[in-house]
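Scope of the values below: all heavy atoms of this structure, side chains included, with no hydrogens, waters or symmetry mates. Lettering of chains follows the sequences in order, A, B, ..., and the numbering in each one begins at 1. Owing to the predicted nature of the structure, the values given are computational and were not obtained by experimental measurement.
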There are 2 protein chains.
Amino acid sequence: MYIQDKKYTFGSYSYKMSDLPQYKKLQHLIKKQILSGVYKEGDLLPSENELSTIHELNRATVRQALSELVKDGYIYKHKGKGSIVSSRRQTLGLLSFKGFSEVVGQTTHAIKNKELKKPYLTKWDDQFFYELTDIEKAAGCICLERLRMVDEDPVMLEFTYIPNLNLPRFVSKPLINNSLFDTLLNNYQIEVINLEQDIRAIAADEEIAGLLQTEEESPILHIFRRYRTNRDGLFIYSSLYCNTEQYSIGSIFN
Amino acid sequence: MYIQDKKYTFGSYSYKMSDLPQYKKLQHLIKKQILSGVYKEGDLLPSENELSTIHELNRATVRQALSELVKDGYIYKHKGKGSIVSSRRQTLGLLSFKGFSEVVGQTTHAIKNKELKKPYLTKWDDQFFYELTDIEKAAGCICLERLRMVDEDPVMLEFTYIPNLNLPRFVSKPLINNSLFDTLLNNYQIEVINLEQDIRAIAADEEIAGLLQTEEESPILHIFRRYRTNRDGLFIYSSLYCNTEQYSIGSIFN
DNA sequence: TAAATTAACTTGTATATACAGGATAAAAAA
DNA sequence: TTTTTTATCCTGTATATACAAGTTAATTTA
């Protein structure tokens, strides 16, 4: 398979594309082609047989790459026809968002992340959203407070809570690539397997209204997340507050 | 494969389990076993090799069944270990919800659907959330208004909009099985391929507050959905208003 | 006893092959 | 010309096989 052996680097950590399985390389290639406009919305991708011939891969491997792209909402499939490119959104953190008044030909937005405080160690809140195990409670909590901005406007406030279980020197070392997940992967070999979330609408209190530069009592999207990791019993918790006056939170299901 | 040949019936329409592919039969069997408590949260399922021996299926077929169960959040997999049963939620329409104060051993809730009006034909709103094609605009709009209740409390208000394209006598015939999707599948061979949704928090206006039995200006979750169907160019649109004071909207991603 | 190795599991990745069934356009028949 | 049939290409389903790599427990070695 002739797909280019791109090397990704963040901080002291790097991994080669060649370490990835073939279906993921193909997945990334097609994703890049869609994002760069080689294939536009509504276009048919080459057929599975064509892709397997071109890239010298088995059709099953091609299908695995395509099914990941379906899962991520980049394409959808039509039996007898082929794989068709879906419309895309921009992502904000791990969410995608869309401006209300925008039409299809979106302009891009400048997304910034601001660290409100350095990561710090603290006790767990007594009224924590999820039930915690005694082990988690005893370990204490690493807390991150971040604000995500779109075009200079604060849109999302994110509190992340990590039980301090075998994570030496976490708070004293800076985040790699400004990303929590890159840091966990590189420094502690922790990967996220899946995430479970609960969403509700709440009224902004004084603190949240202030940080999101909106009025008190204005409706705010509150998302609570639990990330499951490859370390048995280690979960990461996140509490997100989104101002959806200008942007909505989008997702695709298949 | 010895899985029982269950027959599903709704209205005049019925299909046999034997019409389904093998991986879906296995998927449904395991799902039923999880929901009925044969496998509980945290349990290991039989290994892929065991399942393929037991059900006389190839391991690839078993893997396909399991990957669907992963996608739907029933299980997650751990390389080298096996497939592990996830915690489950109850579903409300196509959403799942969870009570805030509930712990793991949830009680079940009585879910009812109320049709606020008979389905009716109307014009499209000028300020419709999504851009409509001229064909859709010209066809007019079939509108459904439904209220979903949990334990007698109204929780979700659902407006569904369908372009009136080659759907003869839709408004004059009753819904099959009280379900829009069953009706579309049975009477018009229309299936949903995927769905795209946008979520935001809004303040309840008088109408929505009244129907959801809450106060004006209280925060409400608003979800706008576009369902893609197997008919080219036919989309179904839904506008959902959820009162999340007591319940949150949950989902799982992998 | 304690540490290291091995063996026996598990899921993940990849190939080869076959046929069913939907979609479409060309060819044949009415 | 219009309809029907056919051929072809597409994705969906299913089997068989092989090896890589993570996990665990038993076994061997120090």
Whichever of Leu66(A) and Ala60(A) has the more 5' nearest nucleotide on DNA chain D, that residue is Leu66(A)
Tell me whether the OP1 or OP2 atom of dG12(D) has a side-chain N or O from Lys77(A) closer than 4.0 Å. yes
Check the phosphate of dT13(D) against Gln64(B), side-chain N and O only, distance under 4.0 Å to OP1 or OP2. Yes or no? yes
Do any side-chain nitrogens or oxygens of Lys81(A) fall under 4.0 Å of OP1 or OP2 in dT11(D)? no
Interatomic distance, Glu48(A) CD vs dA16(C) C1' [rounded to whole Å]: 16 Å
Ignoring hydrogens and angles, are the base of dA14(C) and the side chain of Asn58(A) linked by a donor-acceptor pair under 3.5 Å? no
Could you state the CG-P distance from Asn49(B) to dT15(D), rounded to the nearest angstrom? 14 Å
Flag the pair Asp72(B) and Lys31(B) as a salt bridge only when some basic side-chain nitrogen lies within less than 4.0 angstrom of an acidic carboxylate oxygen. no
Atom pair CD1/CD1 of Ile162(B) and Ile236(B) - distance to nearest 0.5 Å: 5.0 Å
Look at Arg63(B) and dG12(C) and indicate whether a side-chain polar atom (N or O) is within less than 4.0 Å of OP1 or OP2. yes
With ring pair (Phe, Tyr, Trp, His ring centres under 6.0 Å) as the criterion, how do Phe235(A) and Tyr130(A) come out once you've worked through the C-alpha distance, each side chain's angles and the decisive distance to 0.1 Å? CA-CA 11 Å; Phe235(A) 294 92; Tyr130(A) 276 93; 8.3 Å; no
Nucleotide dT13(D), atom P - distance to NE2 of His55(B) in whole Å: 19 Å
Considering only heavy side-chain atoms of Glu50(A), the closest of dC10(D), dT15(C), dT10(C) is dC10(D)
Tell me whether the count of non-hydrogen atoms from other residues, nucleotides or ligands lying under 6.0 Å of CG in Leu121(A) goes above 12. yes
In whole angstroms, the gap separating C1' of dG12(C) from CD of Gln22(A) amounts to 13 Å
Residue His78(A), side-chain heavy atoms: nucleotide from dG12(C), dT13(D), dA23(C) that is nearest: dA23(C)
What integer distance in Å separates Leu51(A):CG from dT11(D):C1'? 13 Å
Value in whole Å for how far the P atom of dA20(C) lies from CG of Leu20(B): 19 Å
DNA chain C: Thr61(A) or Arg59(B), which has the more 5' nearest nucleotide? Arg59(B)
Reckon Ser47(B) has a side-chain N or O less than 4.0 Å from the OP1 or OP2 of dT10(C)? yes
Without decimals, in angstroms, what is the distance between Glu56(A) CD and dA14(C) C1'? 14 Å
Would you kindly give the CG-to-C1' distance between Leu57(A) and dT15(C), to the nearest whole Å? 10 Å
Both Lys79(B) and Asn230(B) contact DNA chain C. Which one's nearest nucleotide lies toward the 5' end? Lys79(B)
Glu136(A) to Trp124(A) - nearest heavy-atom pair and separation: O-NE1, 2.8 Å
